[in-house]
Amino acid sequence: MITDTQRFEPFGEEPIRLIDESGTWVGAFTCDLDDDTLREMYRHMVLARTVDERLELLQRTGKSSFVAPVAGHEAAQVGAAHALKVRRDWIYPYYRDTALAIAVGWPLVELFGQMMGTRADTARGRQMPAHPGSRELRMFTVSSPIGSHVPVAVGSAIAQKLAGGGEATLCTFGEGATSEGDWHAGLNFAGAQGAPIVFLCENNRYAVSVDLQHQTGSQDIATKAHAYGMPGYLVDGMDVLACHYVMRDLLEAARDGLGPALVEMTVYRYGAHSSADDDSYYRSEEEVAAWRERDPIPRYRRYLDLRGLWDEERERELRASVGAEIDAAVAAAQAAGPVPVEWLFEDVLSSPTPQLERQRERFVAARRAAAEDDTR
Ligand SMILES: Cc1ncc(C[n+]2csc(CCOP(=O)(O)OP(=O)(O)O)c2C)c(N)n1
């Protein structure tokens with residue numbers, strides 16, 4: 001089933017953009033977002049970038065064990081988040097979606113609790129850091145094996161279609177995921193069943209150290225949609241409004257029963273793949289610097305400036321309030337205290353087996369002895 005939006009052509013050779021580098025609107029239609037929404041998108045982008053910086057500090061000071069930086073992906077994720085009907089649509093994110101999670105309203109205290117494994121973590125410390133999930137937000141917990149959430153998201157979308165509630169599903173991943181069998185199985189099934197799902201590929205050109213040329217022989221990722229009977233859109237992922245409008249049209253089409261779509265957003269990750277990676281081995285400083293020139297945050301700021309929606313005073317206030325919000329969330333997440341290791345043994349079986357009980361007792365006793373040793 002091929003769907004189309006009224007505003008955008010699928011399979012274009014050039015990425016769809018609505019704001020150019022100078023911040024000038026270049027769309028063929030008028031932007032209909034109200035001023036508050038336009039400013040809120042900017043706030044979310046700045047908040048996500050600042051959270052990213054704080055997470056790096058927390059990891060470097062041993063408070064968190066792992067970080068997957070989002071910087072450079074903010075426009076893609078915030079644009080998409082604002083196209084969702086939050087708490088109605090279903091979200092299947094991946095580990096780099098910090099800005100998406102923030103923009104759909106994942107509380108910062110839960111975010112930092114998850115990153116540090118404290119009692120503020122609704123997953124009770126059982127996930128690797130950077131693996132969010134939220135029942136309230138209908139945000140499926142991130143799964144580490146690349147692409148493994150794609151067939152699950154499609155199954156969920158098919159279930160929504162059968163239930164007839166008019167809900168859409170968003171499923172995100174990096175371009176590396178498109179080389180996994182799960183990805184192809186998922187897209188094939190979505191196309192065959194007309195599932196109400198939009199697949200969003202955040203193409204930052206690297207899967208850890210593997211660059212795009214070694215990832216695929218395709219001219220781009222969007223073109224792969226042809227094979228699955230759905231439209232594919234190539235979008236400038238550094239342009240938050242292009243990301244927003246394309247996602248808005250496609251999620252709406254999915255809710256209206258017009259079937260799935262694939263969107264490729266061209267982004268760049270400014271940081272290393274994760275806190276366990278050294279990117280100097282596989283990309284040059286010049287390349288990173290060139291992409292920094294295209295940073296989605298100042299570009300969007302220029303747009304807001306040109307429309308008279310932003311100024312230095314607002315910028316100062318925003319930076320101060322974002323800093324204070326993050327300080328408060330980190331403090332609250334830490335104050336919640338570390339997750340007790342005994343929680344490892346809970347919530348798996350309705351009544352633990354005798355063996356599990358014995359293991360738990362031995363484990364708790366060993367921990368206690370180790371703690372006493374430490375205090376001697
Ligand atoms: C099935 C599987 N293979 C390998 C890995 C190790 N791994 C973790 S992240 C990653 C790169 C994924 O790159 P991409 O999908 O492009 O997303 P990005 O990290 O660039 O945003 C790899 C290979 C994994 N988690 N799962």
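As the structure lists them, so they are numbered: ligands from 1, and atoms in each ligand from 1.
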Take Trp310 and Tyr42, measure what ring-ring contact (aromatic ring centres under 6.0 Å, His included) needs, and give me the verdict at the end.
CA-CA 10 Å; Trp310 206 254; Tyr42 184 66; 5.0 Å; yes
Hey, which of Glu175, Lys224, His226 is the one that makes side-chain contact (heavy atoms from CB on, under 4.5 Å) with Ser218?
Lys224
For ligand 1, list all ligand N or O to protein N or O distances below 3.5 Å, rounded to 0.1 Å.
{"unit_1": "ligand 1", "atom_1": "15 (O)", "unit_2": "Gly176", "atom_2": "N", "d": "3.2"}
{"unit_1": "ligand 1", "atom_1": "15 (O)", "unit_2": "Ala177", "atom_2": "N", "d": "3.2"}
{"unit_1": "ligand 1", "atom_1": "16 (O)", "unit_2": "Glu175", "atom_2": "N", "d": "3.4"}
{"unit_1": "ligand 1", "atom_1": "16 (O)", "unit_2": "Glu175", "atom_2": "OE1", "d": "3.2"}
{"unit_1": "ligand 1", "atom_1": "16 (O)", "unit_2": "Glu175", "atom_2": "OE2", "d": "3.3"}
{"unit_1": "ligand 1", "atom_1": "16 (O)", "unit_2": "Gly176", "atom_2": "N", "d": "2.8"}
{"unit_1": "ligand 1", "atom_1": "17 (O)", "unit_2": "Tyr95", "atom_2": "OH", "d": "3.3"}
{"unit_1": "ligand 1", "atom_1": "19 (O)", "unit_2": "Tyr95", "atom_2": "OH", "d": "2.6"}
{"unit_1": "ligand 1", "atom_1": "19 (O)", "unit_2": "Arg96", "atom_2": "NH2", "d": "2.7"}
{"unit_1": "ligand 1", "atom_1": "19 (O)", "unit_2": "His273", "atom_2": "ND1", "d": "3.3"}
{"unit_1": "ligand 1", "atom_1": "20 (O)", "unit_2": "Asn204", "atom_2": "OD1", "d": "3.1"}
{"unit_1": "ligand 1", "atom_1": "20 (O)", "unit_2": "Asn204", "atom_2": "ND2", "d": "3.0"}
{"unit_1": "ligand 1", "atom_1": "20 (O)", "unit_2": "Tyr206", "atom_2": "O", "d": "2.7"}
{"unit_1": "ligand 1", "atom_1": "21 (O)", "unit_2": "Tyr94", "atom_2": "OH", "d": "2.7"}
{"unit_1": "ligand 1", "atom_1": "21 (O)", "unit_2": "Arg96", "atom_2": "NE", "d": "2.8"}
{"unit_1": "ligand 1", "atom_1": "21 (O)", "unit_2": "Asn204", "atom_2": "ND2", "d": "3.3"}
{"unit_1": "ligand 1", "atom_1": "25 (N)", "unit_2": "Ser144", "atom_2": "O", "d": "3.1"}
{"unit_1": "ligand 1", "atom_1": "26 (N)", "unit_2": "Ile146", "atom_2": "N", "d": "3.0"}

Ion pair check, Asp20 and Arg299, cut-off under 4.0 Å:
no
Under the criterion salt bridge (charged side-chain N to carboxylate O under 4.0 Å, His left out), which of Glu74, Glu325, Glu317, Glu315 is the partner of Arg43?
Glu325
Quick check, are the ring centers of Phe345 and Phe363 under 6.0 angstrom apart?
yes
Do Glu252 and Arg255 meet the salt-bridge criterion of a basic N to acidic O distance under 4.0 Å?
yes
